[in-house]
Number of protein chains: 2
Amino acid sequence: MTETRVPIPTLERLAIYLRVLLDAHEAGIQTLSSQEIEQHSGISAAQFRKDLSYFGEFGKPGVGYSVPGLIQCIERILRLDEEQPILLVGAGNIGSALVGYPNFQAHRLRIAAVFDNNFVKIGRPFGDLVIQDIARIKEVNAEIGARLGIIAVPAHAAQEVADLLVEAGVTGILNFAPTILRVPKHVHVRNVSFLQELAVLSYHATEDALCVNGQATRGGKDGV
Amino acid sequence: MTETRVPIPTLERLAIYLRVLLDAHEAGIQTLSSQEIEQHSGISAAQFRKDLSYFGEFGKPGVGYSVPGLIQCIERILRLDEEQPILLVGAGNIGSALVGYPNFQAHRLRIAAVFDNNFVKIGRPFGDLVIQDIARIKEVNAEIGARLGIIAVPAHAAQEVADLLVEAGVTGILNFAPTILRVPKHVHVRNVSFLQELAVLSYHATEDALCVNGQATRGGKDGV
DNA sequence: GCGAGATTGTGAACGGTTTCACAAATCACG
DNA sequence: CGTGATTTGTGAAACCGTTCACAATCTCGC
C-alpha cells in the first residue's frame, strides 16, 4: 500500500461492496472471499482486492474477508461509521423523494433539515421535518454541523444555493440541478443528471449507427 | 475520424454540451468556440473537440460552432431528435419525482406509461398518466414501442422488473434500485445510486486521512 | 508438525481517455 | 488578393485505472 490518492471509481465501488456485505451480514454469512464478492457485485475479484489495497490489508489469505469486520472498515473509510447529517435544499418533487428514501438509514445518512425559499412552503411539514427558510441555513447549520448538502432546486437557483451551502460550512454537495456549479476548491460536487443518463441510454438503445458527418457541417450555415 | 467505438464518458459529456448549447440558443447566441464551451461547461476545449471528432466535423476553423447546427447534430447523435417514449415502473416517491420532472420535455424524453404491482395504486392518476398493472407491460409497450425503461421500485423487486422490461422490448434501463441487475448482453443499464454518491462525498467531506489498517484485520476476528 | 489447497496483496503489463501541440482551414481587413 | 489572427481536427504523448500473475500467507486434516 503506497501513499497514492484514491481513485474516485474505487470510492464508488466501496459503496457497492458495503451493500453486498450488509446483505450478506443480514443473511448470517460470516466470511466472504473476493471471488464471492465478485459474484454478488459484478465487480472482478482483482478489482476488489486492488480497491481495498489503497486502504490497508483487510483479508486473511486462504480464508477471505470477515463480513462484519470489513463492514466496519469500509464504513470507517467512507465516514459512515457515525451519523452523517445532511442539509437538503428544495422541497419539491425530488426533495420529497429523498426525505422518503428508505435506504439512507442503513448507511447512517440522515437528512437533518430541509430548506426552501418559497414562503408558502416554509413552516409546512416535510417528511419528519419542517421546511425552513433558506435564508436561515447558515444559522441552522451552526447547530447541526452538516458537511453534506443536497441541491434539489431548479437550475436557475442552483448556483445561489451552492454558495449558501458553502457559506454554511458544507464541503460536499450532491447536485440534482442540471448546471455546472462553481465552488471553492475544497468543496466537492457530484452531479446527478437523469437527462444525462437517459441520453446515454438513448444513444445505445438504437444500434444503427446513423452517421451525420458531412450534413452536420453544412447545417452550420444557418448559424453563421 | 477513425471508426472507433465511442467512449461512454464522451456520450455523457455530449449531453452536457447539449445543455450548454440550448442555453446559448435561448440567449440568442449564434456561434460558440470550443474555448467558450469550456467556459460554460467546465470541460476542456480539447476534450470537447476530441469528443465531437468521434462523430464527424461540426465546426469551422477560425470561427467555431454554429449553435443551432450543433444542437441538431448532437440531438441526432443521442437520438433526441424525435420523441423518445419511456416506461416507468414504480409509482412511489422517485417515480413521482420523475413524472414531475420538468426538464425531460426539452430533450424530447417523455414518460409514456407508469406501472406498479400494487393493486391499490393501479388505476389511480399519476401526473398526466394512470398507473397500470405491471403484468400488462408487454402488452402496453406493443403499442408504445418504448426502448427505454426506468426502474424505481424497491431493491428486492428490481430484478424481476428488469426481466419484464427486457421482455417488453426495452434495451436501455435506468435503474434507481440499489442492486446489480442481470440483463441480456444487448441491454444497457445505468445505475443511479444516491447512496453511492453521498458515500463518495462523505469520504471527501472529512479530509483527515484516518487510516485503519492493522486494526481492521484484527477486527475480523469476531467474524471468523 | 507438515504438506496440500485456498486466497490475499501487489508490482508489472495492458488498455483506454485525456491532454498536448501543431498543421490545415477560415475569416477580417487593408 | 495576401497577410495575420483565430480556431478547428487529430496524431502522438502522457496519464490513469484495470487486469494479470505470482509470491507470500494462512487453514485444515492427517
Side-chain angles (χ1 to χ4, degrees), chain A residues 1-14 16-17 29-39 41-67 69-70 73 200 211-214 216-221 223-224, chain B residues 1-14 16-17 29-39 41-67 69-70 73 200 211-214 216-221 223-224:
Chain A
M1 165 195 174
T2 58
E3 193 51 64
T4 320
R5 196 108 246 90
V6 180
I8 303 264
T10 290
L11 293 171
E12 295 177 348
R13 286 189 294 267
L14 240 40
I16 297 177
Y17 304 143
I29 296 168
Q30 292 296 324
T31 302
L32 240 36
S33 67
S34 60
Q35 194 56 240
E36 291 168 306
I37 300 241
E38 167 168 346
Q39 251 130 50
S41 70
I43 296 162
S44 81
Q47 182 74 77
F48 170 76
R49 295 200 302 276
K50 178 64 99 178
D51 284 340
L52 286 187
S53 76
Y54 287 105
F55 304 97
E57 312 195 350
F58 304 97
K60 282 207 187 78
V63 181
Y65 301 81
S66 150
V67 171
L70 190 52
C73 293
V200 175
C211 268
V212 276
N213 316 17
T217 321
R218 244 178 294 132
K221 268 200 292 191
V224 186
Chain B
M1 167 198 173
T2 59
E3 193 50 65
T4 320
R5 196 108 246 91
V6 181
I8 304 264
T10 291
L11 293 172
E12 295 177 349
R13 286 189 294 266
L14 239 42
I16 297 177
Y17 304 143
I29 295 168
Q30 292 296 324
T31 302
L32 239 37
S33 68
S34 60
Q35 193 57 238
E36 290 168 306
I37 300 241
E38 168 168 346
Q39 251 130 50
S41 70
I43 296 161
S44 81
Q47 181 76 77
F48 170 76
R49 295 200 302 273
K50 178 64 99 177
D51 283 339
L52 287 187
S53 76
Y54 287 104
F55 303 97
E57 312 195 349
F58 305 97
K60 283 208 186 77
V63 181
Y65 301 81
S66 148
V67 171
L70 191 51
C73 293
V200 174
C211 267
V212 277
N213 317 18
T217 321
R218 244 178 293 132
K221 269 201 290 191
V224 188

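Predicted, not measured: the structure shown is a model, and the values here were computed from it. Numbers restart at 1 for each chain; the letters A, B, ... are given by sequence-line order, proteins then strands.
The nearest pair of heavy atoms linking A:A45 to A:Q35 is CB-N, 4.0 Å. Listed here is the closest heavy atom pair of A:T31 and A:V67: N-CG2, 3.8 Å. Taking each heavy atom of B:P61 and B:G59 in turn, the nearest pair found is CD-O, 3.9 Å. Taking both residues in full, the closest heavy atoms of A:F48 and A:L70 are given as CZ-CD2, 3.8 Å, listed atom of the first, atom of the second, then distance.
Closest to the A:K50 side chain, of the nucleotides C:dT17, C:dT18, D:dT18, is D:dT18.
To the nearest angstrom, P of D:dT8 lies 18 Å from CZ of B:F55. Atoms CG (B:L70) and C1' (D:dG9) sit 14 Å apart, rounded to a whole Å. Whole-Å rounding puts the A:I8 CD1 to D:dG17 P distance at 9 Å. In this structure, B:Y65 places its OH atom 13 Å from C1' of D:dT6, rounding to the nearest Å. Residue A:R13 contributes atom CZ, which lies 10 Å from atom P of D:dG17 at whole-angstrom precision. Rounded to whole Å, atom C1' of D:dT8 lies 14 Å from atom CG of B:D51.
Each of B:F48 and A:A46 was assigned the nucleotide of DNA chain D with the nearest heavy atom; the assignment lying further toward the 5' end belongs to B:F48.
A:Y54 has no side-chain polar atom (N or O) that falls below the 4.0 Å cut-off from OP1 or OP2 of D:dC16. The shortest distance between the side-chain N/O atoms of A:R5 and the OP1/OP2 oxygens of D:dC16 is not below 4.0 Å. Proximity of B:Q47 to the phosphate of C:dT19: a side-chain N or O atom is located under 4.0 Å from OP1 or OP2. Distances shown here put every side-chain N or O of A:S53 at or beyond 4.0 Å from the OP1 or OP2 atom of C:dG9.
Proximity of residues 32-39 of chain A to DNA chain D (heavy atom under 4.0 angstrom from any strand atom) is not detected for any residue.
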Please list, for nucleotides 22-30 of chain D, all pairs of protein and nucleotide N/O atoms separated by less than 3.5 Å.
from	atom 1	to	atom 2	distance (Å)
D:dC26	O4'	A:P61	O	3.4

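With ring centers used as reference points, B:Y65 lies 6.0 Å or more from B:Y17.
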